[in-house]
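Remember, predicted model here, so these are calculated numbers, not experimental data.
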There are 2 protein chains.
Amino acid sequence: MTQEYTGSGDPAKSLELLWRNRPRPTRGPKPALTVERIVAAALRIADAEGLGAMSMRRVADELGAGAMTLYRYVPGKGELLDVMLDAVYGELPRRPIAGDWRAKLDEAARANRDLYLNHPWMLQVAVSRPPLGPNVMAKYEYELAAIEGIGLTDVEMDATVALLNGYVHGAVRSAVEARQVIQRSGMSDKEWWLAHVPHLDRIADVEKYPLASRVGSTVGAEFDAPYDSDHAFEYGLARLLDGVATLVKDRR
Amino acid sequence: MTQEYTGSGDPAKSLELLWRNRPRPTRGPKPALTVERIVAAALRIADAEGLGAMSMRRVADELGAGAMTLYRYVPGKGELLDVMLDAVYGELPRRPIAGDWRAKLDEAARANRDLYLNHPWMLQVAVSRPPLGPNVMAKYEYELAAIEGIGLTDVEMDATVALLNGYVHGAVRSAVEARQVIQRSGMSDKEWWLAHVPHLDRIADVEKYPLASRVGSTVGAEFDAPYDSDHAFEYGLARLLDGVATLVKDRR
DNA sequence: TGGTTACTTCGTACAGTGTACCCAATAAGT
DNA sequence: ACTTATTGGGTACACTGTACGAAGTAACCA
């Protein structure tokens, strides 16, 4: 599987694409495809088979077109990923959430989590300098609204939203990796652990790692696996929100 | 650049490799290479040119050998990455840190951050089911020691260490991506932003995103860029440790 | 109506990737 | 001297993104 990069081309071209306001040409044959159809096909492949399967040739095949045809609609693969990302962010809820800031942040975090779980390929796209499409803008606006007016500075608001988003990104990445490694290896966590233990006992000096042994085996017994991603998500989210709460209290 | 996977083969073979206890064969020609030399060459390439440049052929070239020769020493690329990771974790400090749990966790987080910054390719290796080599074990032991005896359960200790590690991983990933995107695009954050603004103003309805506009421009003015990774790291780490502190206080 | 021009589709080519499958060379044991 | 275990490495396969250019099509102008 591949890690891909967004954009990288002319910003003007990217924005033109994201906001779909390219001037319709008058001459020449009518285009057989649309950006929408290309994005939909690419999403279908990426959702079902992962980012590694989403090659330009594969997307073109899906549409019954030649590979190079796509380049008439999209400057390159990076820009296609931009549009895919913005499209998927369109699935996020926009309704105002009832409750205090903590309930709102909590809810936004879970919505992002669900999105990543439904489109795990998103986690493999490097997104510093996010594609500034309509849905990315709306997402930022929505998340800022959760913590507006609770006494944080603008810089703190931005940092908090980024922190939450980064946390969810990392947590779901771990969860998805754990899920995928089971498929790829055909081995459950328990099987994997059981396959290692006898060799480890023989090779590694267990007395050298007393805490690792104790904590590792407690956790393994508790979850029947060396890692439980649901528990990790809940634990981390609670700690993070507690940390933000401490700051909010200070600012009061 | 590529996202790579660790292991994936026979656990017995992987552990044999990580702990370097393969039985020396008696017959046949003396091997011209060693696992150590292969790992060193691979690390040199990955550190200097990124994981994308570290192909099996490239590593072999670096050693004056044929590509397929490496497979005499290492089962595959995944296992080579395992050994590289464990080797790099050997660079982490092991001295006990003075101070309370918070000082220790803080210090451990910064040590991990430095390691990632020096070997950014690590961030592209998927590590659910970490390679259980000697240095990975020592790292886990060291980090657990930071929070041993402060009233947390074993499960909480494991979750806390994982949360911190995940946080640092994500934070440094953002920082490295931001650093790399400048090189790859030849455009500073400021230039990037200035190239977008005029088009955005023309395309997007700014009234639709009031918070995003206000906070975005405040942050941009404060840091002279849309994202300051050092500030983000400090802010996030402080929130996280505050969150853990809340839990520790509860357990008292 | 014929010609020009803008625009479309897409085949070919290039330099890469990890590694399965071989065969030849080498050194120890018998 | 012969067998056997082991190493070195060449070739081949099915992929990747996309630059280039040829060929076909539709709207405009004379």
Side-chain angles (χ1 to χ4, degrees), chain A residues 1-10 13 22-35 37-38 42 45-46 49-82 84 121 124-126 184, chain B residues 1-10 13 22-35 37-38 42 45-46 49-82 84 121 124-126 184:
Chain A
M1 221 187 283
T2 330
Q3 166 152 344
E4 308 277 0
Y5 291 99
T6 64
S8 88
D10 180 8
K13 276 213 159 63
R22 195 153 74 112
R24 269 261 270 95
T26 56
R27 305 247 187 122
K30 294 279 169 268
L33 302 177
T34 61
V35 173
R37 285 190 60 204
I38 292 173
I45 296 168
E49 301 170 51
L51 203 55
M54 198 219 91
S55 67
M56 296 301 267
R57 277 176 247 265
R58 183 85 162 66
V59 174
D61 277 0
E62 190 88 357
L63 295 165
M68 292 313 293
T69 302
L70 303 187
Y71 288 86
R72 285 288 127 195
Y73 298 84
V74 154
K77 198 184 184 183
E79 286 81 0
L80 176 53
L81 282 165
D82 278 347
M84 291 168 66
W121 54 268
Q124 294 179 313
V125 184
R184 211 174 43 249
Chain B
M1 221 186 286
T2 331
Q3 166 153 341
E4 309 277 359
Y5 291 99
T6 63
S8 87
D10 180 9
K13 275 212 158 64
R22 194 155 75 111
R24 270 260 272 93
T26 57
R27 305 249 187 121
K30 293 278 168 272
L33 302 176
T34 61
V35 173
R37 286 190 59 205
I38 293 174
I45 296 168
E49 301 170 51
L51 203 56
M54 197 218 92
S55 67
M56 296 302 267
R57 278 177 246 267
R58 183 84 162 65
V59 173
D61 277 0
E62 190 89 355
L63 295 165
M68 291 314 294
T69 301
L70 302 187
Y71 289 86
R72 293 281 146 198
Y73 299 84
V74 154
K77 198 183 184 184
E79 287 82 359
L80 176 54
L81 283 165
D82 277 349
M84 290 169 67
W121 55 268
Q124 294 179 313
V125 184
R184 211 175 40 249

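The CG atom of B:Asp82 sits 4.5 Å away from the OG1 atom of B:Thr6 when rounded to the nearest 0.5 Å. In this structure, A:Ile45 CD1 and A:Trp121 CH2 are separated by 12.0 Å, a value rounded to the nearest 0.5 Å. Considering NZ of B:Lys30 and CZ of B:Arg24, their distance stands at 5.5 Å, rounded to 0.5 Å. To the nearest 0.5 angstrom, B:Ile38 atom CD1 is 5.0 Å from B:Leu70 atom CG.
Following rounding to the nearest Å, A:Leu33 (CG) and C:dT8 (P) show an atom-to-atom distance of 11 Å. Taking atom CD on B:Gln124 and atom P on C:dT17, their separation rounds to 16 Å, with Å as the unit. Between A:Arg24 atom CZ and C:dA6 atom P there is a gap of 18 Å when expressed in whole angstrom units. Between the P atom of C:dT12 and the OH atom of A:Tyr71 lies a distance of 18 Å, rounded to the nearest Å. Across the protein-nucleic acid pair, B:Lys77 atom NZ and C:dA20 atom C1' stand 17 Å apart, rounded to whole Å. The OH-C1' distance, from A:Tyr73 to C:dC10, rounds to 12 Å in whole Å.
Remark: B:Ser55, B:Met56, B:Arg57 in residues 55-64 of chain B come within less than 4.0 Å of DNA chain C through at least one heavy atom.
Among residues at least two apart or in separate chains, there is no salt bridge (Lys or Arg N to Asp or Glu O under 4.0 Å) pair with a member in residues 67-76 of chain A.
From one end of the helix from C:dT1-D:dA30 to C:dT30-D:dA1 to the other, with five pairs defining each end axis, the axis direction shifts by 20° (rounded to 10°).
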Identify each atom pair where a protein N or O and an N or O of nucleotides 22-30 of chain C are less than 3.5 Å apart, giving names and distance.
unit_1: C:dG29; atom_1: O4'; unit_2: B:Arg27; atom_2: NE; d: 3.4

With a 3.5 Å cut-off and sequence neighbours excluded, list the donor-acceptor pairs that the side chains of residues 50-67 of chain A form with protein atoms.
unit_1: A:Ser55; atom_1: OG; unit_2: A:Arg58; atom_2: N; d: 3.1
unit_1: A:Arg58; atom_1: NH1; unit_2: A:Glu62; atom_2: OE1; d: 3.3
unit_1: A:Arg58; atom_1: NH2; unit_2: A:Glu49; atom_2: OE1; d: 3.0
unit_1: A:Arg58; atom_1: NH2; unit_2: A:Glu49; atom_2: OE2; d: 2.4
unit_1: A:Glu62; atom_1: OE2; unit_2: A:Arg44; atom_2: NH1; d: 3.0

* Can you list the steps and then say if B:Arg37 with B:Tyr73 is a side-chain contact (heavy atoms from CB on, under 4.5 Å)? -> CA-CA 10 Å; B:Arg37 286 190 59 205; B:Tyr73 299 84; over 6 Å; no
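For DNA chain D, the outermost nucleotides in 5' to 3' order that have an atom under 4.0 Å from a heavy atom of chain B are D:dT4 to D:dA12.
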